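Because the structure is a prediction, the values reported are computed rather than measured. Hydrogens, waters and symmetry mates are skipped; everything else that's a heavy atom, side chains included, is used. Throughout, a chain's letter reflects where its sequence line sits, starting with A, and its residues are numbered from 1.
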There are 2 protein chains.
Amino acid sequence: MTPAEEIAAAFGALLLRGNRAHLYDRLTEDVAGVDSTTYPVLSGLDRAGSATATRLAEIIGLDRTVTTRYAARLAELGLVARTADPHDARAVHLTLTVQGRAAVATMRAALVSTLAVATAGWPADELESFAVSLRRLVDALLPG
Amino acid sequence: MTPAEEIAAAFGALLLRGNRAHLYDRLTEDVAGVDSTTYPVLSGLDRAGSATATRLAEIIGLDRTVTTRYAARLAELGLVARTADPHDARAVHLTLTVQGRAAVATMRAALVSTLAVATAGWPADELESFAVSLRRLVDALLPG
DNA sequence: TATTGTTATACTCTATAACTATA
DNA sequence: TATAGTTATAGAGTATAACAATA
């Protein structure tokens with residue numbers, strides 16, 4: 001088995017619907033009201049800082065209309081704030097509230113801790129070079 | 001950014017719906033009738049060799065009923081063969097046809113080639129140790 | 001005329017419930 | 001009574017179409 005074949009098999013397993021759902025469940029189980037569908041909205045908003053629904057939709061690869069609906073759901077939960085654009089009355093800026101930032105932090109920590117457990121016992125230099133390689137591969141693999 | 005955080009960010013990007021769909025599209029675009037929903041059935045059958053719908057459903061993490069329907073679709077395409085169990089008249093064994101095996105080979109090759117392109121220029125030893133680490137991480141991360 | 005946000009609607013994927021045949 | 005397969009039905013997630021307001 002060549003390295004590329006080995007990587008292909010691992011990615012194949014990772015992309016299986018059930019496994020993906022399982023990872024997302026572990027990620028979001030500690031934050032009420034957030035699930036695998038709304039998590040990307042929070043996470044994207046955290047990275048973008050602030051964005052309109054249209055812009056955010058591009059970032060997370062979802063349709064505008066879906067992003068609007070999920071953002072509304074998160075606003076009801078108090079995790080996302082909506083503010084008007086002073087220069088463009090059509091636009092609405094979405095931002096994380098303090099609660100929203102805390103929720104993202106909680107979920108990120110859950111994922112990081114899961115990964116830390118899974119890599120416990122790895123030599124530090126192996127872990128570090130793996131992380132760098134993975135980032136490089138994902139960047140090369142994904143559009144944008 | 002710690003290695004675990006770096007890995008978390010890369011996995012987060014990989015699991016985004018749009019990116020996952022994009023990878024599956026590249027994988028299946030060369031085989032008519034197969035898409036991101038039926039691919040796991042073919043791939044799972046290729047690994048299992050032969051399996052009943054119930055057993056295959058467990059392997060790929062889908063419901064029995066869905067697996068039955070997708071297998072029926074693939075049987076219509078001539079990619080999957082259905083044979084009766086001589087010892088149990090209730091059971092139906094699913095197997096890949098020659099065409100089915102060819103389809104799996106085509107799709108696997110597409111993924112492997114995508115990965116090979118993305119890792120072109122990597123030192124051979126780095127690539128190899130990355131592949132080993134990734135397999136180890138995915139095994140530790142996923143149930144089963 | 002084009003764009004932002006939104007709502008109405010329809011389609012796809014998946015699971016639950018219910019049925020038949022066999023064990 | 002339990003299990004394999006299947007079909008009918010319902011729910012969740014997402015996209016397309018259509019609308020109002022603003023640019």
Counting side-chain heavy atoms from CB outward, which of C:dT4, D:dG5, D:dT3 is closest to A:R64? C:dT4

Judged by nearest nucleotide, the residue sitting upstream toward the 5' end of DNA chain C, A:R55 or A:R69, is A:R55

Heavy atom of residues 28-45 of chain B under 4.0 Å from DNA chain D: which residues? none

Does the base of D:dT16 carry an N or O that pairs as donor and acceptor with the side chain of A:T65 under 3.5 Å? yes

Taking NZ, NE, NH1 and NH2 as the nitrogens, is one of them in A:R55 or A:E58 under 4.0 Å from a carboxylate oxygen of the other? yes

Please report the C-alpha distance between B:I7 and A:L127 in whole Å, then the side-chain angles of each, then the deciding distance to 0.1 Å, and finally whether the side chain to side chain contact (heavy atoms under 4.5 Å, CB included) criterion is met. CA-CA 10 Å; B:I7 297 169; A:L127 180 59; 4.0 Å; yes

Are OP1 or OP2 of D:dT3 and a side-chain N or O of B:T54 less than 4.0 angstrom apart? no

Quick one: is A:T68 getting a side-chain N or O under 4.0 Å of the C:dG5 phosphate, OP1 or OP2? no

Nearest-neighbour nucleotide for the A:A53 side chain, D:dT6, C:dG5, D:dA23 considered: C:dG5

In Å, rounded to the nearest 0.5 Å, how long is the span from CD1 of A:I60 to OH of A:Y70? 9.0 Å

From C:dA15, C:dT3, D:dT3, nucleotide with atom closest to B:V66 side chain: C:dA15

Distance-only donor-acceptor hits, side chain of residues 89-100 of chain A, under 3.5 Å, sequence neighbours excluded:
from: A:R90; atom 1: NE; to: A:D88; atom 2: OD1; distance (Å): 3.2
from: A:R90; atom 1: NH2; to: A:D88; atom 2: OD2; distance (Å): 3.0
from: A:H93; atom 1: NE2; to: A:D85; atom 2: OD2; distance (Å): 3.0
from: A:T97; atom 1: OG1; to: A:G78; atom 2: O; distance (Å): 2.7
from: A:T97; atom 1: OG1; to: A:L79; atom 2: O; distance (Å): 3.3
from: A:T97; atom 1: OG1; to: A:Q99; atom 2: N; distance (Å): 3.4
from: A:T97; atom 1: OG1; to: A:G100; atom 2: N; distance (Å): 3.0

Roughly how far apart are A:S133 OG and A:E126 CD, rounded to 0.5 Å? 10.5 Å

Selected nucleotide, minimal atom distance to A:A89 side chain, candidates D:dT6, D:dA23, C:dT14: D:dA23

Do B:R17 side-chain and D:dG13 base share a donor-acceptor contact under 3.5 Å? no

Ring pair (Phe, Tyr, Trp, His ring centres under 6.0 Å) partners of residues 96-142 of chain B, not counting sequence neighbours, each pair once: A:F130-B:F130, B:W122-B:F130

Are OP1 or OP2 of D:dG13 and a side-chain N or O of A:Y70 less than 4.0 angstrom apart? no

Side chain of A:V92 only, heavy atoms from C-beta on: which candidate in D:dA4, C:dG5, C:dA15 is closest? C:dG5

